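Structure in structure tokens, see below.
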Amino acid sequence: MLRRNAQACWPIPIPAPTLRRLAEEGIPEIRAFVGLCPNADLPSRQLLARDPIPDVRAAVAQCLNCPHEILLALARDQDPTVRACVVFSEAFSGELAAMLGDDCEPVVRSALAQSPFPSLQWRHATAVDSSPVVRSFVASSGLCRQGMLSDLARDPSPLVRRCVAEVTNCGRDVLARLAHDEDEGVSLAVANSPSCPFHLLEKLSLSGNTGIRQGVASAGNCPPELLLRLAQDDESCVRMVIPHSRHVTAEILELLASDPDILTRSNVLDSSKSSLLSEPLREKLFAEEPLGYAAAGSPHCPVPIMGRLCTQDDSRVRARLAENPACPDHLLSCLSLDRSREVVSSVARNIRCPPAILSAMAGEPDNDIRALVAAHPMCSLDTLRVLAIDPDPGVRIEVALSTNCPDYLLEQLAGTSNPDVRRAVAQSPHCGCEVLHGLHTDSDDEVAYSAHIALLSGLSIGRLCRNIGIGTDGPCSAFLQEFDRRMSRIGCCVQ
């Protein structure tokens, strides 16, 4: 969750006075992030809890150590999303659950349905809520007793019945009833349930509905005896999913290796268990020309076969081979000179591409390929030095963001006339304080903000965003992206 990641991003806490100044920033995303910061003081939290922007107040509600009196105030907030965020707070309690129990907004009732605090009486009442989405959250909470799940299994909404089938504590009697549901999605949910017993899977595997049989074949708990039967199904869409089953055996793979359907045979090659095949049969499959694309991406593909694939007319096959980590260096070297831009780009994306080949590709006329080279973790210092003076700003941005970029190159790039490159320097995880101090007064607002935040936190904004797992399109937009992701969990309740 965002609040835990926010705490992890400050191994050296930002001083409370600094946070207090940031809490008065004109940019809502910065105020929201201060609201999440675990060492913000009480006056800052009180100020942000009254912020006119709902996302800022929602951030305060989600903070790890939000005081109880502030949560009480936010539980009465006019915005339903803020009230829902109170439910997800670490400090949520039975008292707050009682306050929100009569809330008229589905978004809040859906959030409450996922909390262990509401009473059993409230949960029973919500199981017949007017909103099917609220009832679905009740069903999927994992907190319902078998009697309530049995009642919800008769719900008129297929969404609710599907949630009952998906819950891990669903009883076998309820699953047996749902296995014959008129809605295909409900039957598929039964087939994919880890609690689904063998006799139900066997019945579903005999269904006249192709989609249900395919669901059984792809179910994680489908046993080998059923997979063997389904491997002889009349429909290729059923057979083609079996090679990826975790219970597939050598006998089943050998049967499917001779399947008339090319996609099924291709999936046999792509299977993580393709090594179970006998050596002659595997080599026969790899040598099949129509299976070239699957063979090109396989880590088990023999080197002689890779050599033939390297000269295939189909550029998609060559591109997949170029991105295969098992592709040997001498073939990667050939593919780096390929006439297709897609193939050469794939070589630059190969995680095992050696520095010598990357260095040669640094002279490619295509800007995007040179940018891929600069971003590659195996890119050498000499190559980065060449690309740091590249005429294309996109390439220089990747140099600045590279984990291998040294201080002196960052200092050199900080003096460029392009603001996007300077911003990338400020976002670099290795940017030193002296460079950041220079960028702190940059004429471009976004560059200045990036450097300003990096200096305040002791971390670059780039490292901060990577720790959270989001993009770095701007110094503040990343925070908003994360809020959108967090809010979507709740926002979907009102669709």
Side-chain angles (χ1 to χ4, degrees), residues 9-12 14-15 18 21-22 25-27 29-30 33-34 348 355 358-359 361-364 366-481:
C9 288
W10 271 288
I12 303 172
I14 301 177
T18 301
R21 288 198 302 273
L22 289 173
E25 270 281 353
I27 300 175
E29 293 82 10
I30 291 180
F33 211 77
V34 174
L358 290 169
S359 179
M361 288 196 296
E364 278 286 329
D366 190 292
N367 296 340
D368 292 339
I369 292 175
R370 297 198 308 280
L372 285 170
V373 171
H376 200 286
M378 300 285 282
C379 187
S380 68
L381 183 56
D382 288 341
T383 305
L384 284 175
R385 197 180 295 119
V386 170
L387 295 173
I389 55 173
D390 195 278
D392 182 69
V395 176
R396 302 200 303 276
I397 285 171
E398 293 300 337
V399 173
L401 294 174
S402 170
T403 53
N404 301 325
C405 188
D407 290 344
Y408 70 86
L409 279 186
L410 287 171
E411 189 174 352
Q412 174 186 318
L413 290 166
T416 186
S417 59
N418 189 293
D420 292 332
V421 177
R422 299 198 304 276
R423 187 180 69 186
V425 171
Q427 292 171 351
S428 168
H430 303 298
C431 190
C433 286
E434 289 184 10
V435 176
L436 287 172
H437 273 295
L439 295 173
H440 174 247
T441 55
D442 197 277
S443 56
D444 184 272
D445 286 344
E446 290 203 352
V447 176
Y449 269 120
S450 291
H452 180 67
I453 294 173
L455 283 168
L456 286 172
S457 65
L459 296 168
S460 76
I461 197 70
R463 186 191 304 172
L464 186 66
C465 291
R466 271 192 287 277
N467 283 349
I468 300 174
I470 49 182
T472 54
D473 295 329
C476 307
S477 62
F479 304 141
L480 186 58
Q481 289 173 27

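Given the structure is predicted, the values throughout are model-derived calculations rather than measurements.
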Problem - Nearest heavy atoms of Pro393 and Asn418, plus distance in Å - result: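 Residues Pro393 and Asn418, closest heavy atoms: CB-ND2, 3.4 Å.
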Exercise for the section: Check whether any side-chain heavy atom of His376 sits under 4.5 Å from a side-chain heavy atom of Thr383, and report yes or no. Expected result: no
Exercise for the section: Please round to the nearest 0.5 Å and tell me the distance separating atom CG of Leu358 and atom OG of Ser380. Expected result: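 Output value for this atom pair is 8.0 Å.
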Problem - Partners passing salt bridge (charged side-chain N to carboxylate O under 4.0 Å, His left out) against Asp382 (at least two apart in sequence or in another chain) - result: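 Asp382: salt bridge (charged side-chain N to carboxylate O under 4.0 Å, His left out) contacts with Arg385.
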Exercise for the section: State, with a plain yes or no, whether a side-chain heavy atom of Val373 is found less than 4.5 Å away from one of Cys379. Expected result: yes
Problem - Contact summary for Asp444 and Asp442, nearest pair of heavy atoms - result: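 Scanning both residues, the minimum pair turns out to be N-OD1, 2.8 Å.
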Fill in the blank from the handout: Sorted by chain and residue number, the side-chain contact (heavy atoms from CB on, under 4.5 Å) partners of Asp392 (sequence neighbours excluded) come out as Asn367, Arg370, Asp390, Val395
Practice task
Would you name the heavy atoms of His430 and Ser402 that are closest together and state the gap between them?
Solution key: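 Closest pair (atom of His430, atom of Ser402, distance): CD2-O, 4.2 Å.
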Handout entry: Exercise: identify the closest heavy-atom pair between Ala371 and Gly394
Key =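 Looking at all heavy atoms of both residues, the closest pair is CB-O, 4.3 Å.
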Handout entry: Whether over 12 other heavy atoms sit under 6.0 Å from Glu411 CD
Key = no
Exercise for the section: First locate atom SG of Cys431, then atom CG of Leu410, and finally report the distance between them rounded to the nearest 0.5 Å. Expected result: 5.5 Å
Exercise for the section: Search all heavy atoms of Leu22 against all heavy atoms of Val34 and return the closest pair with its distance. Expected result: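 Reported closest heavy-atom pair: CB-CG2, 3.6 Å.
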Exercise for the section: Would you check if the side chain of Ser359 reaches a backbone N or O of Pro355 as a donor-acceptor pair within less than 3.5 Å? Expected result: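 Judged by distance alone, no pair lies under 3.5 Å.
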Problem - Student check: side-chain heavy atoms of Asn404 and Leu381 closer than 4.5 Å - result: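 Counting from C-beta outward, Asn404 and Leu381 never come under 4.5 Å.
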Problem - Residue pair Pro406 / Leu409, side-chain heavy-atom distance below 4.5 Å - result: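 In contact.
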Problem - Close side-chain approach of Leu387 and Arg396, heavy atoms under 4.5 Å - result: no
Handout entry: pair Arg422-Ser443: side-chain heavy atoms closer than 4.5 Å
Key =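 They are in contact (side-chain heavy atoms under 4.5 Å apart), so the answer is yes.
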Exercise for the section: Identify the two heavy atoms, one from Leu372 and one from Ala348, that lie closest to each other, and give their separation to 0.1 Å. Expected result: CB-CB, 3.7 Å
Fill in the blank from the handout: Value for OG (Ser450) from CZ (Arg423), rounded to nearest 0.5 Å, stands at 6.5 Å
